[in-house]
Amino acid sequence: MQTSVEPHPVTTISSVGRHAGEVVVIRGWLYNKRESGKLLFPIFRDGTGLIQGVVAKNAVPPEVFDAVKSLTDESSVIVTGKVRADERAPGGYELDVQRVEVVQRVPEDDPFPITRKEHGVDFLMEHRHLWVRTPRQAAILRVRSEIEKAMHDFFDDRDFTRTDPPILTPAACEGTSTLFPVDYFEEQAFLTQSGQLYIEATALALGKVYSFGPTFRAEKSKTRRHLTEFWMVEPEVAYLELDGLMALAEEFVSHIVARVLERRRPELQIIGRDLSKLASVKPPFPRISYDDAVQLLQEGHAKGELEAKFEWGGDFGSPDETYISAQFDRPVIVHRYPAQVKAFYMEPDPKRPELALACDVLAPEGYGEIIGGSQRTASYELLVQRIQQHNLPIEAFRWYLDLRKYGSVPHSGFGMGIERAVAWICGLDHVRETIPFARMLHRLYP
RNA sequence: ACCUCAGUAGCUCAAUGGCAGAGCAUCCGGCUGUUAACCGGAGGGUUGUAGGUUCGAGUCCUACCUGAGGAGCCA
């Protein structure tokens with residue numbers, strides 16, 4: 001918004017340190033206020049941080065004192081004041097307020113609903129559009145943004161091309177998850193649950209590609225790890241085999257964690273993250289086969305640390321993943337799963353055809369699977385056979401089969417749900433705080 | 001669909017089957033260094049809904065509604 005010409009420089013709270021001793025203008029909101037007789041302590045926020053203002057009754061005109069005294073929380077204000085270094089201030093600086101222009105005043109009979117006291121989850125989610133203004137939520141969203149930037153830089157530095165797959169799709173990609181149906185000009189369409197099949201096509205065109213976009217799962221999951229709409233980053237690389245894929249995943253995760261530690265330490269501190277847990281996230285990650293993992297789980301059961309006895313052949317449940325990851329101080333890669341529990345497009349292990357060349361990355365501290373990937377079936381005949389075994393409509397996969405007919409090569413890729421990565425890196429107990437507006441089984445508003 | 005838990009003031013919660021309460025928030029008053037400030041006062045209630053038991057139900061019983069956590073599925 002363009003306002004009247006200001007005689008003093010407009011700055012942000014995060015950079016007031018460069019203006020110590022100067023009079024500056026800050027455009028923001030009243031975060032909170034304390035008062036002690038003829039002294040007022042308004043705390044302002046502007047999206048970059050918080051700063052406490054000081055207003056002494058005998059130091060300013062009465063209308064300025066009265067304006068601040070009657071200011072309501074979250075009213076928008078343009079504040080003019082002198083920056084003063086002060087050891088008592090959490091940020092190191094205070095603002096001696098000289099002038100306040102109220103842009104919009106929050107009515108006192110309908111105050112800002114979110115206070116500095118505790119609130120319940122449902123209330124906060126119902127007011128998510130206002131909750132994002134609080135320091136902790138803002139810090140989480142900055143970490144998310146940094147993670148997204150780090151991941152784009154990672155792929156860009158390695159000559160990947162970002163190719164965006166469609167969100168509206170004609171049929172199930174894997175035929176397992178429940179999809180959201182959409183009416184597409186009187187034809188049945190679905191919201192994508194993965195861009196993988198499409199980026200296999202662009203990988204065979206461009207060599208190294210990745211996609212980043214929203215994906216949708218209509219499963220009625222009710223856990224701290226699930227959203228119905230979430231964002232997934234998926235690399236796909238021609239001529240890459242399983243070992244190379246695991247190395248890529250390990251470098252990728254390490255790069256992201258290192259970047260957040262390098263650039264978003266203040267945010268992690270606001271969130272209260274234990275940084276020592278992130279410092280150990282460096283290559284190499286332990287790699288264990290599915291067989292080894294099963295043995296670990298059976299030992300865990302024998303020691304009484306796991307309730308159910310795990311039998312070879314099944315997929316890991318949530319308690320199993322937690323137990324496996326708890327054995328290590330960094331993410332662990334589990335590879336070569338039984339083909340029967342994995343998707344139809346995964347390449348069989350040539351040494352043991354009952355296994356799929358798949359790998360999952362399990363995050364530490366019980367955050368579970370953050371990455372799932374595999375080498376893809378390169379053979380036309382085998383892929384046809386697998387599609388039939390899974391009772392999928394072969395006609396819908398005609399274009400996908402073409403990729404095996406015209407210059408098929410070994411290729412691999414993985415997908416990482418970024419909300420789970422953000423939850424892990426920030427140490428949150430639920431993915432709903434990692435995205436501005438979470439979509440869940442019982443949450444479509446706001 | 002399954003298991004567990006919850007629903008009382010704007011918010012967070014208390015109340016042995018016997019007068020509906022506190023803290024915070026809001027408003028009024030006090031305090032010249034407050035850090036989720038403090039002190040005094042005021043307003044604020046269809047106890048999720050519908051039945052039932054009882055002299056009497058926020059409390060006990062039944063059904064339903066809404067939400068949370070888990071399991072399953074997955075990223």
Side-chain angles (χ1 to χ4, degrees), chain A residues 31-43 50-59 65 69-70 72-74 84 86-91 94 96 106-127 130-131 134-135 174 176-178 193-196 214-234 249 307-308 314-322 341-343 360-363 367-373 414-424 429-432 434-435 440-443:
Chain A
Y31 174 64
N32 198 229
K33 181 173 42 123
R34 285 182 286 268
E35 54 179 288
S36 175
K38 295 175 180 62
L39 267 184
L40 305 176
F41 299 99
I43 301 170
L50 297 175
I51 191 168
Q52 176 168 279
V54 183
V55 190
K57 189 162 192 173
N58 62 10
F65 187 84
K69 189 177 168 70
S70 64
T72 43
D73 286 359
E74 285 300 321
R84 177 172 43 74
D86 193 307
E87 284 182 5
R88 291 167 292 191
E94 288 190 340
D96 288 323
V106 173
E108 51 268 305
D109 60 352
D110 190 8
F112 191 73
I114 297 174
T115 69
R116 303 184 74 178
K117 297 282 177 175
E118 293 164 19
H119 296 288
V121 168
D122 192 52
F123 177 81
L124 289 169
M125 287 304 287
E126 197 70 12
H127 296 85
L130 304 176
W131 189 23
T134 60
E174 304 181 20
T176 51
S177 304
T178 320
Q193 56 159 338
S194 166
Q196 181 206 312
T215 49
F216 306 87
R217 306 272 168 95
E219 275 139 12
K220 295 190 174 177
S221 298
K222 254 183 74 113
T223 81
R224 64 186 66 203
R225 301 178 305 280
H226 289 87
L227 299 172
T228 52
E229 175 185 309
F230 65 99
W231 287 64
M232 188 150 68
V233 56
E234 298 176 278
E307 257 185 57
D315 206 353
F316 303 133
S318 182
D320 303 320
E321 286 184 354
T322 301
V341 300
K342 289 292 183 181
D360 287 350
V361 178
L362 307 181
Y367 282 92
E369 186 183 337
I370 54 168
I371 282 180
F414 65 75
M416 183 182 84
I418 85 149
E419 287 76 15
R420 285 192 186 171
V422 176
W424 163 51
D429 63 9
H430 203 299
V431 290
R432 66 184 155 222
T434 65
I435 184 167
M440 295 178 290
L441 181 54
H442 297 296
R443 176 61 57 190

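Protein chains get the first letters and strands the later ones, always in sequence-line order, with residue 1 at the start of each.
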Please determine, for rC13(B), whether a Watson-Crick or G-U wobble partner exists with both distances under 3.5 Å, and give it or none. rG21(B)

In whole Å, what separates the P atom of rG17(B) from that of rG7(B)? 15 Å

Determine the contact category for His127(A): base if any of its heavy atoms lies under 4.0 Å from a base atom, sugar-phosphate if only primed atoms, P, OP1 or OP2 are that close, otherwise nothing. nothing

Not counting sequence neighbours, which residues clear salt bridge (charged side-chain N to carboxylate O under 4.0 Å, His left out) with Glu126(A)? List them please. Arg443(A)

Pairwise C1' distance for rA25(B) and rG72(B), with rounding to whole Å: 42 Å

Write down the partner of rU8(B) under the Watson-Crick or G-U wobble criteria, each distance required to be under 3.5 Å. none

Could you check His442(A) against Gly372(A) and say which one's nearest nucleotide on RNA chain B is further toward the 5' end? His442(A)

How long is the straight-line distance from CG of Asp315(A) back to CG of Asp320(A), given to the nearest 0.5 Å? 9.0 Å

Protein-nucleic acid N or O pairs under 3.5 Å, nucleotides 21-30 of chain B:
| from | atom 1 | to | atom 2 | distance (Å) |
| --- | --- | --- | --- | --- |
| rU26(B) | O2' | Glu108(A) | O | 3.2 |

rC27(B) - base-pair partner by Watson-Crick or wobble geometry, distances under 3.5 Å: rG41(B)

Would you say rA71(B) has OP1 or OP2 under 4.0 Å from some side-chain N or O of Ser318(A)? yes

In whole angstrom, give me the gap between the C1' atoms of rG21(B) and rG43(B). 16 Å

For a quick check of understanding: with a heavy-atom distance under 4.0 Å over all strands, which category does Lys222(A) fall into, base, sugar-phosphate or nothing? base

For rU54(B) versus rC39(B), give the span between their C1' atoms, rounded off to a whole number of Å. 46 Å

Classify Ile43(A) by what it touches in the nucleic acid, base, sugar-phosphate, or nothing, heavy-atom distance under 4.0 Å. nothing

Can Phe41(A) be said to stack with the base of rG33(B), given centres closer than 5.5 angstrom and planes under 30 degrees apart? no

note: Glu126(A), atom CD; rG10(B), atom C1'; distance rounded to Å ~ 14 Å

Write down the distance between CG (Leu130(A)) and P (rC11(B)), rounded to a whole number of angstrom. 14 Å

Contacts under 3.5 Å, N or O only, protein and nucleotides 12-14 of chain B:
| from | atom 1 | to | atom 2 | distance (Å) |
| --- | --- | --- | --- | --- |
| rU12(B) | OP1 | Gly120(A) | N | 2.8 |

Tell me, do Thr215(A) and Trp231(A) make a side-chain contact under 4.5 Å, heavy atoms counted? no

Atom NZ of Lys220(A) and atom C1' of rC2(B): how far apart are they, to the nearest Å? 14 Å

Whole Å only: how far is the CZ atom of Arg88(A) from the P atom of rU32(B)? 16 Å

C1' gap between rU47(B) and rA57(B), integer Å: 11 Å

Tell me, do Gln52(A) and Arg88(A) make a side-chain contact under 4.5 Å, heavy atoms counted? no

Classify the nucleic acid contact of Asp315(A) as base, sugar-phosphate or nothing, counting any heavy atom under 4.0 Å across all strands shown. sugar-phosphate

Is the ring pair His119(A)/Phe123(A) parallel, tilted or perpendicular, if the boundaries are 30 and 60 degrees? parallel

Counting heavy atoms from C-beta on, name the nucleotide in rU34(B), rA75(B), rG69(B) closest to the side chain of Arg217(A). rA75(B)

Tell me which nucleotide, if any, is Watson-Crick or G-U wobble paired with rG33(B) when both distances must be under 3.5 Å. none

Determine which nucleotide pairs with rC73(B), using a 3.5 Å limit on both distances of a Watson-Crick or G-U wobble pair. none

Please determine whether salt bridge (charged side-chain N to carboxylate O under 4.0 Å, His left out) holds for the pair Arg116(A) and Asp73(A), giving the CA-CA distance in whole Å, both sets of side-chain angles, and the decisive distance to 0.1 Å. CA-CA 11 Å; Arg116(A) 303 184 74 178; Asp73(A) 286 359; over 6 Å; no

Is Lys57(A) atom NZ crowded by more than 12 heavy atoms from other residues, nucleotides or ligands, each under 6.0 Å away? no

When rounded to the nearest 0.5 angstrom, what distance separates CZ in Phe41(A) from NZ in Lys33(A)? 13.0 Å

Rounded to whole angstroms, how far apart are CZ on Phe316(A) and C1' on rC73(B)? 16 Å

Rounded to whole Å, the CD-P distance (Glu219(A) to rA1(B)) equals 16 Å

Please report the distance, rounded to the nearest Å, between CG in Asp360(A) and P in rC74(B). 10 Å

With side chains defined as the heavy atoms from C-beta onward, is the minimum distance between Val54(A) and Arg84(A) less than 4.5 Å? yes

Residues Gly37(A) and Phe65(A): closest non-hydrogen pair is O-CZ, 4.2 Å

Please name the pair of heavy atoms, one in Gly372(A) and one in Asp360(A), separated by the smallest distance, quoted to 0.1 Å. CA-OD1, 3.4 Å

Counting side-chain heavy atoms from C-beta on, which of rG33(B), rG72(B), rA71(B) comes nearest to Arg225(A)? rA71(B)

For atom C1', what is the distance between rA20(B) and rU8(B), given to the nearest Å? 9 Å

Just checking Glu94(A): base, sugar-phosphate only, or nothing, at a heavy-atom cut-off of under 4.0 Å? base

Determine the Euclidean distance between corresponding P atoms of rU16(B) and rG58(B); express it in Å to zero decimal places. 12 Å

Would you compute the distance between atom CG of Asp429(A) and atom OH of Tyr367(A) and round it to the nearest 0.5 angstrom? 7.0 Å

Heavy atoms from C-beta onward define the side chain here; which of rU32(B), rA75(B), rG72(B) lies closest to that of Glu369(A)? rA75(B)

Listed nucleotide nearest any side-chain atom of Arg432(A), set rG69(B), rG33(B), rG72(B): rG69(B)

rU49(B) pairs with which nucleotide, Watson-Crick or G-U wobble, both distances below 3.5 Å? rA63(B)

Spacing of Glu321(A) atom CD relative to rA71(B) atom P, expressed in whole Å: 10 Å

If the C1' atom of rC55(B) is compared with that of rC11(B), how far apart are they to the nearest Å? 37 Å

Taking every heavy atom of Gln193(A) against every heavy atom of Arg217(A), the minimum-distance pair comes out as O-NH2, 2.8 Å

Which residue lies toward the 5' end of RNA chain B, Ile418(A) or Met440(A), if each is placed at its nearest nucleotide? Met440(A)

